[in-house]
Structure formats: structure tokens, C-alpha cells
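All values derive from a computational prediction rather than experimental measurement.
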Amino acid sequence: QVQLVESGGGLVQAGGSLRLSCVASGRTFSSYTMGWFRQAPGKEREFVAAINWSGASTYYADSVKGRFTISRYNAKNTVYLQMNSLKPEDTAVYSCAAAQGPGVFHTTRSYDNWGQGTQVTVSS
């Protein structure tokens, strides 16, 4: 088990940028696949991006491809989500999640450790 704490959310104008961070507790962070998900009011949680344990493999939802970048720094137990060219439809609570096993996962059921989330609001 790992505990996850997100930060970096806030209010930004359309076209702006934010960088989210997720810090994990525990000494086995480098063995986990990490993912970012988001949930807008009245909508289901949706996949945003994922990165494998080494950072060599990443996967993005089509809606964010080319605008968002996921990365990780295992020495600091941290995964990042750099969000550029933000749109009002990106407004949501963003949560990071950790999954054991090789590969890059994009379904919520693959992840068994979740953070509380951080609010991102993009104004038009």
C-alpha cells in the first residue's frame, strides 16, 4: 500500500498551464505504475495519463494527447502531470493512483491506491 497526496491544482484561464504533483509514501514507489484520472461534476471518473515504473512508457487519453505530459522522479517518490493549453472542459478533480504490475494501465479497476484529488478549474 502507498499513500498518495496531490497538489498543484487551482484556477487558471483557458490556454494556461498547471503542473500537478503527487507524492507517495513508502519505499516501493518505483515498482508502481502511476496514473492520473479526473472527475468532473456529474460525470464518471475518466483516465487521463499513465506511466510505467521506469518512466519509459506512457499512455494518454485522446482528449489530452499533445497537451498533457506525465513524468515521474522515483528518487523523490513523485509523479507529475504537466498540463498545457488548458480548456474549460479540463475542469475536474484530478487524482493520482498507483497500480502494481508491469505495463501501463488506463482503467480504474487496475489501480488500488488513490489520492484524495486536487481541483483544477479552467475559466473561459
Side-chain angles (χ1 to χ4, degrees):
Q1 291 286 334
V2 291
Q3 283 73 51
L4 305 172
V5 179
E6 303 94 337
S7 63
L11 173 64
V12 63
Q13 289 188 330
S17 297
L18 283 174
R19 187 176 82 157
L20 306 183
S21 300
C22 172
V23 179
S25 65
R27 287 177 281 183
T28 59
F29 173 77
S30 61
S31 68
Y32 285 87
T33 288
M34 299 299 297
W36 285 98
F37 290 77
R38 67 186 182 186
Q39 187 167 22
K43 295 188 177 181
E44 292 188 354
R45 179 178 285 172
E46 66 172 355
F47 170 77
V48 175
I51 188 167
N52 78 327
W53 69 274
S54 68
S57 296
T58 58
Y59 185 71
Y60 296 92
D62 287 343
S63 59
V64 306
K65 202 172 294 183
R67 300 188 297 123
F68 291 11
T69 302
I70 189 171
S71 61
R72 66 189 298 161
Y73 189 10
N74 287 342
K76 290 191 173 183
N77 281 14
T78 303
V79 62
Y80 304 97
L81 185 68
Q82 177 66 44
M83 306 185 295
N84 298 329
S85 302
L86 282 161
K87 305 175 182 179
E89 51 263 43
D90 294 318
T91 295
V93 174
Y94 285 70
S95 300
C96 68
Q100 291 184 307
V104 184
F105 314 116
H106 65 281
T107 59
T108 57
R109 65 177 181 271
S110 298
Y111 294 83
D112 49 14
N113 297 274
W114 292 85
Q116 292 298 310
T118 185
Q119 177 70 47
V120 171
T121 303
V122 184
S123 63
S124 57

Mind checking the [atom1]-[atom2] spacing from [X] to [Y]? Nearest 0.5 Å is all I need.
{"X": "Q100", "Y": "Q1", "atom1": "CD", "atom2": "CD", "answer": "8.0 Å"}
{"X": "N74", "Y": "S31", "atom1": "CG", "atom2": "OG", "answer": "9.0 Å"}
{"X": "E46", "Y": "R38", "atom1": "CD", "atom2": "CZ", "answer": "4.5 Å"}
{"X": "L4", "Y": "F29", "atom1": "CG", "atom2": "CZ", "answer": "8.0 Å"}
{"X": "L18", "Y": "F68", "atom1": "CG", "atom2": "CZ", "answer": "9.0 Å"}

Of all residues at least two apart in sequence or in a different chain, which pass the side-chain hydrogen bond (donor to acceptor under 3.5 Å, both in side chains) check with S17?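 side-chain hydrogen bond (donor to acceptor under 3.5 Å, both in side chains) check on S17 returns N84.
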Contacts of E89 that satisfy side-chain hydrogen bond (donor to acceptor under 3.5 Å, both in side chains) - sequence neighbours left out: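 E89 satisfies side-chain hydrogen bond (donor to acceptor under 3.5 Å, both in side chains) with no residue once adjacent residues are dropped.
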Heavy-atom side-chain proximity of V122 to K87 below 4.5 angstrom: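 Answer no - side chains too far apart.
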Decide yes or no for E44 and T108: does some side-chain heavy atom of the first lie under 4.5 Å from some side-chain heavy atom of the second?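 No, side chains not in contact.
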[X]: side-chain contact (heavy atoms from CB on, under 4.5 Å) partners, not counting sequence neighbours:
{"X": "S124", "value": "P88"}
{"X": "S123", "value": "L11, Q13"}
{"X": "A56", "value": "N52, S54"}
{"X": "T78", "value": "S21, V23, K76, Y80"}

State whether the number of non-hydrogen atoms from other residues, nucleotides or ligands found under 6.0 Å of Q116 atom CD is greater than 12.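 Not buried by this count: 12 neighbours or fewer within 6.0 Å.
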Please give me the minimum heavy-atom distance between [X] and [Y], naming the atom from each residue.
{"X": "L20", "Y": "Y94", "answer": "CD1-CB, 3.5 Å"}
{"X": "I51", "Y": "R72", "answer": "O-NH1, 3.7 Å"}
{"X": "A98", "Y": "V2", "answer": "CB-CG2, 3.8 Å"}
{"X": "F105", "Y": "S110", "answer": "CB-CB, 3.6 Å"}

Starting from V79, can I reach V104 by hopping between I/L/V/M/F/W/Y residues whose side chains sit under 4.5 Å apart?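 No, it is not one cluster - the side chains of V104 and V79 are not joined through contacts under 4.5 Å.
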Cluster check V48, Y60: I/L/V/M/F/W/Y, side chain < 4.5 angstrom: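 Looking at the clustering, Y60 is in the same group as V48.
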Name all pairs fulfilling the disulfide bond (SG atoms under 2.5 Å apart) condition that reach into [range], sequence neighbours left out, sorted by first residue then second.
{"range": "residues 29-58", "answer": "none"}
{"range": "residues 34-75", "answer": "none"}
{"range": "residues 71-104", "answer": "C22-C96"}

Pairs in or reaching into residues 55-64: which pass salt bridge (Lys or Arg N to Asp or Glu O under 4.0 Å), with residues at least two apart or in two chains?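 Qualifying pairs: D62-K65.
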Ignoring hydrogens and geometry beyond distance, is a side-chain donor-acceptor pair present between Q3 and S25 at under 3.5 Å?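 Yes, a side-chain donor-acceptor pair sits under 3.5 Å.
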Can you sort out the partners of F37 under ring-ring contact (aromatic ring centres under 6.0 Å, His included), two or more places apart, ordered by chain and number?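 Testing F37 for ring-ring contact (aromatic ring centres under 6.0 Å, His included), a comparison that skips the adjacent residues, returns F47, Y111, W114.
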List for me each residue that meets salt bridge (Lys or Arg N to Asp or Glu O under 4.0 Å) alongside R67, sequence neighbours excluded, and say none if there are none.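 Listed in chain order: D90.
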Can you spot which of V64, T118, I70, T69 makes a side-chain contact (heavy atoms from CB on, under 4.5 Å) with L81?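 Looking at V64, T118, I70, T69, the match for L81 under the side-chain contact (heavy atoms from CB on, under 4.5 Å) is I70.
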